[in-house]
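Residue numbers begin at 1 in each chain, while the letters A, B, ... track the order of the sequences.
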Amino acid sequence: MRSILPILLLLLSFTARAEDLMMVRSTLSFPEAMVTLQNTIRDYGYTLSRVQRVDIGLTSFGFKTDKYRIVFFGKAEENRRMIARRPELVAYLPLKIAIFAEEDDTLLVAANPVKWLEGLVEDEELRIQFERWRNDLQAILEDVRRAEE
Amino acid sequence: MVLAWLAVLLSQPLLAGPDGAELFSRHCVACHGEEGRGGVGVPLALPAFLESVDDRFLTVTIREGRPGRVMPSFRTLSDAQIQAIVSYIRSWTDRPTPTFDPAPIQGDAQRGARLFASHCAGCHGPEGRGGHGTGVTFSRPRDLPIIAPALRNRGFLAAASDRLIRATLVRGREGTPMVPATSLGLDDRDIDDIVAYIRSLESTLHDERRRLQEKHDAEPTVLMEESSYTLEETVENVKQAIVGKNYRVVRVQRLEEGLVPEDQVNPRQVVVYFCNFNQLNQALAIDPRVGLFLPCRITVVEEKGVVRVYSTNPGRMAHFFNNDELKELCEEMSRTYEEILEEATL
């Protein structure tokens with residue numbers, strides 16, 4: 001009984017937030033938030049596949065920071081299974097979170113797969129998988145938001 | 001039993017009342033900053049702002065958001081939760097909360113339109129569609145320290161009464177580029193005419209948003225073409241088409257690289273990343289969240305002897321950013337994707 005309550009509450013708090021984009025602000029500096037994000041992603045059982053810089057020449061275009069990265073991650077078996085189910089998912093996977101500095105803070109953004117992939121849902125399995133990804137992304141962002149130095 | 005437990009647990013936060021600070025940090029801080037300093041969103045903590053808007057303005061803004069101007073609507077929050085957020089925002093100032101007579105202001109909207117074009121449109125955009133980008137300047141290049149909000153906006157017009165708008169014009173917003181109208185050489189009659197004009201913008205909105213929603217719903221989630229070439233040839237074709245469109249190929253990799261040991265990577269799934277730095281920087285200046293679909297990407301896959309080329313559809317994604325300024329750019333990207341997909345497979 002005890003063990004299902006947190007899950008129920010978690011579900012309630014998630015269904016209350018039907019957002020297309022999920023964004024959080026961390027008071028950690030960019031390098032600290034980056035390390036925290038990567039550790040959190042691993043804690044949720046994902047493999048980090050790559051960190052992509054999106055900052056080429058940003059400062060020369062007037063940006064005050066070039067700290068902008070995309071972090072890619074996934075579970076190989078899960079990705080294979082889902083791509084076999086719905087080949088279009090190759091265009092979307094692996095999952096990603098964008099992370100960038102704003103003054104002393106760090107912002108993190110992820111797309112909500114439930115919304116973005118709505119058009120690809122054709123059965124329960126896909127729907128449940130997209131919800132699981134949404135919940136994991138949201139939980140990862142929330143953990144980074146709450147992390148302190 | 002579970003229900004009883006749940007009832008107890010759920011009633012506790014209700015009895016205590018929702019926590020405004022926690023709700024604000026969960027739903028608003030990402031854009032408006034800690035304690036409302038601003039960010040992708042405008043600052044909310046300035047005394048000059050708080051003493052010129054009533055609670056109805058804050059409540060309706062939270063509920064309706066600003067359609068097409070990044071600020072989402074929070075229809076899923078309860079009245080009590082919104083009230084808690086409003087109280088929390090109010091706790092930043094000890095100045096009294098103003099109230100406004102809801103009676104409309106009469107004025108000459110046509111004359112107001114001319115005054116608006118000459119005195120206000122420079123910052124608020126033609127017809128009050130809002131300045132370029134949103135919020136404050138912290139890390140992105142902008143014209144102003146704070147970008148002027150859209151006034152031709154259903155969310156703004158629903159939240160602001162005529163007299164609230166007039167008070168804002170009369171006082172300006174100290175600490176922001178919004179100066180009092182008198183310092184722009186406008187008198188009381190001019191101000192009433194401008195208020196009448198801003199109110200009249202409501203009737204120009206029609207069902208713009210519904211049409212955008214319908215367009216969005218009709219967009220495919222993923223773009224796809226079947227190729228008549230081999231996988232290797234198709235990848236080369238994609239790269240050539242990309243260069244032909246003035247983009248640069250930044251990286252070619254197999255989809256599973258980094259996810260599984262090197263010898264287990266599926267070699268028949270290839271991702272081509274490409275970019276046009278000018279476009280990238282423009283997009284980031286409009287909305288820093290666009291990293292979610294940049295750099296551009298096309299995926300080439302061979303499955304059971306059939307080669308297919310896939311990409312996401314930026315034209316559909318634009319909608320999720322609730323940012324009208326991105327729309328054009330995203331549609332342009334969609335066209336480019338479609339052309340590359342076609343050129344590479346035909």
Side-chain angles (χ1 to χ4, degrees), chain A residues 1 4-5 8-9 12 15-21 23-25 27 47-50 52 54 56-58 61-65 68-70 72-76 79-80 83 87-94 96 98-103 105 107 109-112 115-120 145, chain B residues 1-2 5-6 9-10 25-27 29-31 33-34 39-40 72 76-77 138-141 219-224 250-251 253 255-260 264 266 269 273 275 277 280-281 284-285 288-289 291-295 297-299 301 303 308 310-312 316-317 319-322:
Chain A
M1 174 80 62
I4 71 165
L5 276 170
L8 276 172
L9 288 175
L12 283 171
T15 45
R17 303 182 62 190
E19 290 159 7
D20 300 340
L21 286 180
M23 170 147 99
V24 296
R25 177 183 296 266
T27 52
T47 304
L48 220 65
S49 61
R50 184 174 158 73
Q52 168 88 46
V54 190
I56 311 126
L58 272 186
F61 276 88
F63 287 81
K64 294 209 185 92
T65 169
Y68 199 122
R69 307 279 188 280
I70 315 285
F72 291 96
F73 54 97
K75 297 178 182 170
N79 287 2
R80 283 184 181 172
I83 288 170
E88 293 94 328
L89 285 171
V90 281
Y92 180 83
L93 293 171
K96 58 182 167 180
I99 172 169
F100 53 96
E102 187 180 89
E103 292 205 310
D105 293 346
L107 295 174
V109 199
N112 176 355
K115 294 289 186 122
W116 287 46
L117 302 175
E118 210 169 17
L120 299 183
R145 177 175 84 86
Chain B
M1 182 64 183
V2 179
W5 258 96
L6 205 62
L9 267 152
L10 286 175
S25 67
R26 187 174 256 268
H27 296 294
V29 159
C31 290
E34 297 287 345
V40 173
T76 48
L77 294 180
F138 293 145
S139 43
R140 298 173 285 157
E219 288 278 350
T221 307
V222 171
L223 307 175
M224 192 271 287
V250 284
R251 187 179 163 81
Q253 67 160 85
L255 182 77
E256 294 184 332
E257 240 169 271
L259 275 186
V260 294
Q264 290 168 30
N266 180 347
Q269 298 172 328
Y273 286 106
C275 191
F277 295 117
L280 171 77
N281 289 316
L284 283 172
R289 301 170 298 170
L292 286 181
F293 63 80
L294 293 169
R297 162 181 172 180
I298 280 179
T299 311
V301 178
E303 168 72 8
R308 293 195 180 83
Y310 295 93
S311 81
T312 53
R316 180 179 165 85
M317 292 180 186
H319 178 82
F320 297 123
F321 288 81
N322 183 28

Is it the side chain or the backbone of [X] that comes within 4.5 Å of chain A heavy atoms, both, or neither?
X       : answer
C275(B) : neither
T312(B) : both
Q253(B) : side chain
E256(B) : side chain
R251(B) : side chain
L292(B) : both
V29(B)  : both

Part of L48(A) within contact of chain B (heavy atom distance under 4.5 Å):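 Looking at L48(A), just its backbone touches chain B.
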Contacting region of I99(A) [heavy-atom separation from chain B under 4.5 Å]: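 Neither the backbone nor the side chain of I99(A) comes within 4.5 Å of chain B.
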Polar contact flag, side-chain donor to acceptor under 3.5 angstrom, R297(B)-T299(B):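 On atom types as modelled, these side chains qualify, holding a pair under 3.5 Å.
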Identify the heavy atoms of [X] and [Y] that sit nearest to each other, and give their distance.
X       : Y       : value
C31(B)  : M23(A)  : SG-CE, 3.3 Å
Y92(A)  : A111(A) : OH-O, 4.1 Å
W116(A) : L21(A)  : CZ2-CD2, 3.5 Å
S49(A)  : E257(B) : CB-O, 3.6 Å
A110(A) : K96(A)  : CB-O, 4.1 Å

Top contributor to chain B contacts, counting heavy-atom pairs under 4.5 Å, from P87(A), A76(A), G119(A):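 With the most close heavy-atom pairs to chain B, the winner is P87(A).
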Top contributor to chain B interface from V109(A), I70(A), D105(A) [non-hydrogen pairs under 4.5 Å]: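 Answer, by heavy-atom pair count under 4.5 Å with chain B: V109(A).
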Plane angle bin for F293(B) and F321(B) - parallel if under 30°, tilted between 30 and 60°, otherwise perpendicular: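 It falls in the perpendicular class, over 60°.
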Heavy-atom pair count under 4.5 Å with chain A, highest-scoring of L259(B), N266(B), I298(B):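 Option with the greatest count: L259(B).
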L255(B) vs P94(A) side-chain heavy atoms within contact, under 4.5 Å: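 Yes, their side chains come closer than 4.5 Å.
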